Amino acid sequence: MNDDYLRHITKIDHSMISDITKKYWNDVWNYAFLITKDQNHSSDITQDVFVKAFKSIGSYRGEGSVKSWLLAITRNTAYSYLRSAFFRKVILFPIVHLNANGASAEKEFFEKNLINEVWAAV
């Protein structure tokens with residue numbers, strides 16, 4: 001399938017979407033996996049790439065191949081995902097050390113409950 005016709009179109013139909021997706025899905029997924037090293041992220045990125053590509057088909061200038069255009073979108077999308085807070089690794093604090101000098105939760109509850117009862121009586 002020759003993709004030169006894409007540089008002249010501004011709207012894309014369902015059959016074109018299907019053909020392009022089938023042809024380049026694995027290439028886009030593999031490149032996303034190369035960047036992220038995660039299968040789930042690669043699948044999400046691949047879907048996003050094709051959505052972005054088909055929404056902005058008018059920006060395809062035809063200077064390079066469709067594959068290189070999709071891989072550029074893949075690279076930008078993957079790096080955006082890696083920079084986003086959603087995909088950053090969360091560094092958890094070490095286990096909270098209990099203060100042995102403080103009152104237990106049960107004791108604090110009963111003290112506050114007693115104080116509330118006294119105020120309700122007043």
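As the structure is a computational prediction, the values presented were derived from the model and not from experiment.
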Find out whether Thr46 and Thr77 are in side-chain contact, i.e. whether some heavy atom of one side chain is under 4.5 Å from a heavy atom of the other.
no
How many angstroms lie between CD1 in Ile20 and NZ in Lys23, if you round to the nearest 0.5 Å?
8.5 Å
Applying side-chain contact (heavy atoms from CB on, under 4.5 Å) to Lys55 and Val51, what does each step give before you reach the verdict?
CA-CA 6 Å; Lys55 281 185 177 180; Val51 168; 3.9 Å; yes
Would you say the side-chain atoms of Asn113 pair up with the backbone N or O of Phe109, donor to acceptor, closer than 3.5 Å?
no
Could you check whether any side-chain N or O of Ser68 sits under 3.5 Å from a backbone N or O of Ser65, counting only pairs where one atom can act as donor and the other as acceptor?
yes
Lys67 versus Tyr31: any side-chain heavy-atom pair under 4.5 Å?
no
With Phe110 as reference, evaluate Lys107, Glu106, Lys112, Glu108 under the side-chain contact (heavy atoms from CB on, under 4.5 Å) test and give the passing residue.
Glu106
State, to 0.1 Å, how close Phe50 and Leu70 come at their nearest heavy-atom pair, and which atoms those are.
CE2-CD1, 4.0 Å
Heavy atoms of Ile35 and Arg75 approach each other most closely as CD1-CA, 3.9 Å
Kindly give the heavy-atom pair with the smallest separation between Ala32 and Ser42, and that separation in Å.
C-OG, 3.4 Å
What do the steps show when you test Val28 against Ile45 for side-chain contact (heavy atoms from CB on, under 4.5 Å), and what is the final call?
CA-CA 9 Å; Val28 170; Ile45 290 167; 5.8 Å; no
dist Leu71:CG -> Tyr24:OH (nearest 0.5 Å) comes out at 9.5 Å
So, Trp29 versus Ser43: side-chain donor-acceptor pair below 3.5 Å or not?
yes
Output for pair (Leu82 CG, Lys37 NZ), nearest 0.5 Å, gives 10.0 Å
